[in-house]
Amino acid sequence: MALVKRKGITISRQLMDDQRSFPEATGALTALMNDLVVAGKIVSAEVNMAGLADILGQSGRTNIQGEDVQKLDVFANKTFKRRMEQCGHICLMASEEEDEPVQPLPGYEGNYTIAFDPLDGSTNIDVNVSVGTIFSIHRRVSPTQGPGTEADLLQPGSKQVVAGYIVYGSSTMMVYTSGSGVHGFTLDPSVGEFFLSHPHMQIPEVCKYYSVNEAYWPYWNDNIRDFVSYLRGSEQGHKACSARYIGSLVSDFHRNLVKGGIYMYPRDTRSADKPEGKLRLLYEAAPLAMIAEQAGGLAITDDGRRILDIVPERLHQRVPLIIGSKAEVEMAEKFLRGERP
Ligand code: P6P
């Protein structure tokens, strides 16, 4: 039955239908995803209450990225870790908030890995800008017994079995793909259930928005600068896109997925400790790249490599990212080769 006619089905029903399309499926991935959904509902409730509770403000700690860890970050990380370590289907997990991989509880090992950014954009919490969770799931490559190894996590994005995000905004939405299109589910907090609201999402061909922090203009290379000028419509008669950048990757990406747009975080010369830009490959760029390609878009680095082809070497490896509407990312590739329209 066409997905459009299925609007309003629950996410657990969609997950069951996904499972049915894989005859060899055991139900493990479905069970894993259902526990992930529970974690998303718990974090959503907390994010929406944060303005009322005393949870706002800093926790006083810093994470591996050297960033202040906000209390809600800590809560979200604990919630996803706790759900995943006891779901019985994870052999190892990686979190932006954890320096090292995290093992499941003894006896609860399984055949998948998950990497997640529990609450991306958390510096926006105290100013009430939407934030999000990003997740990436792989099948283990190590022998299927006991805890996994780092090799199970360091797989290219092209090997992901599921990729997705949860955006905690004016409504909480979960968007994911298991390789057969991108589906968006909206949480009805009155019943605590995600319902299919955006079946088979496709990034519009026309690029309506461009999202990049233009304060870094002086630190970009000329190809990036010329491409941003092109997006502004200041030359080659290109229809200008509107600039939209709220400093929350999940929110910027989600808007561009729905309306058409391109998000960029290229490398810059500001800081020697981030030569590859700021965003992380494992739990930010790779899962969003799978979503983008499944929705008809593209995702590359600022030297033209396909994000999904990159084999990670380190858990928290950073990567430059250009992602969004296909035609615009292809135009970016031209500029990166030194060509001009
Ligand atoms: P900048 C948030 O910290 C984040 O990882 C993304 O969500 C966001 O797009 C980006 O960093 C913002 O970084 O350097 O523009 O403030």
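Note that ligands are numbered from 1 as they come in the structure, with each ligand's atoms numbered from 1 the same way. Note that these values count all heavy atoms, side chains included, but never hydrogens, waters or copies made by symmetry.
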Quiz prompt | Polar contact flag, side-chain donor to acceptor under 3.5 angstrom, T30-Q19 | solution = yes
Quiz prompt | Proximal atoms of ligand 1 relative to Y245 (non-hydrogen, under 4.0 Å) | solution = 1 (P), 9 (O), 10 (C), 12 (C), 13 (O), 15 (O)
Quiz item: Which of the atoms in ligand 1, numbered in the order shown and given with their element, are less than 4.0 Å from a heavy-atom of G247?
Solution: 2 (C), 7 (O), 8 (C), 9 (O)
Practice problem: Report yes or no: does D120 have a heavy atom closer than 4.0 Å to ligand 1? | Solution: yes
Quiz item: At under 4.0 Å between heavy atoms, which part of L279 makes contact with ligand 1: side chain, backbone, both or neither?
Solution: side chain
Quiz item: Within the structure, does L249 bring an N/O atom to less than 3.5 angstrom of an N/O atom in ligand 1?
Solution: yes
Quiz item: Less than 4.0 Å between a side-chain N and a carboxylate O, is that true for K81 and E97?
Solution: no
Quiz item: What are the atoms of ligand 1, with element, lying closer than 4.0 Å to any heavy atom of Y263?
Solution: 8 (C), 9 (O)
Self-check item: Member of Y165, Y245, Y209 meeting the ring pair (Phe, Tyr, Trp, His ring centres under 6.0 Å) criterion with F253
Solution: Y165
Quiz prompt | Selection residues 147-157 - residue pairs positive for side chain to side chain donor-acceptor pair (under 3.5 Å), sequence neighbours left out | solution = S142-D152, T149-D152
Quiz item: Would you say the ring centroid of F195 lies under 6.0 angstrom from that of F185?
Solution: no
Quiz item: So is N213 polar-close to ligand 1, meaning N/O to N/O under 3.5 Å?
Solution: yes
Quiz prompt | Matching residue for F227 among K334, M331, E333 - test: side chain to side chain contact (heavy atoms under 4.5 Å, CB included) | solution = M331
Exercise. Under 4.0 Å, heavy atoms only, figure out whether ligand 1 is touched by the backbone of F253, its side chain, both or neither.
Key: neither
Exercise. Would you check whether D252 has a nitrogen or oxygen atom less than 3.5 angstrom from a nitrogen or oxygen atom of ligand 1?
Key: no
Exercise. Identify, by atom number and element, the atoms of ligand 1 in contact range of Y265, meaning under 4.0 Å from any of its heavy atoms.
Key: 1 (P), 13 (O), 14 (O), 15 (O)
Quiz item: Is there a ring-ring contact (aromatic ring centres under 6.0 Å, His included) between Y283 and F116 once you walk through the steps?
Solution: CA-CA 5 Å; Y283 40 78; F116 54 83; 8.2 Å; no
Exercise. Not counting sequence neighbours, which residues clear side-chain contact (heavy atoms from CB on, under 4.5 Å) with R82? List them please.
Key: K78, E85, Q86
Quiz item: Quick check: does K278 get an N/O under 3.5 Å from an N/O on ligand 1?
Solution: yes
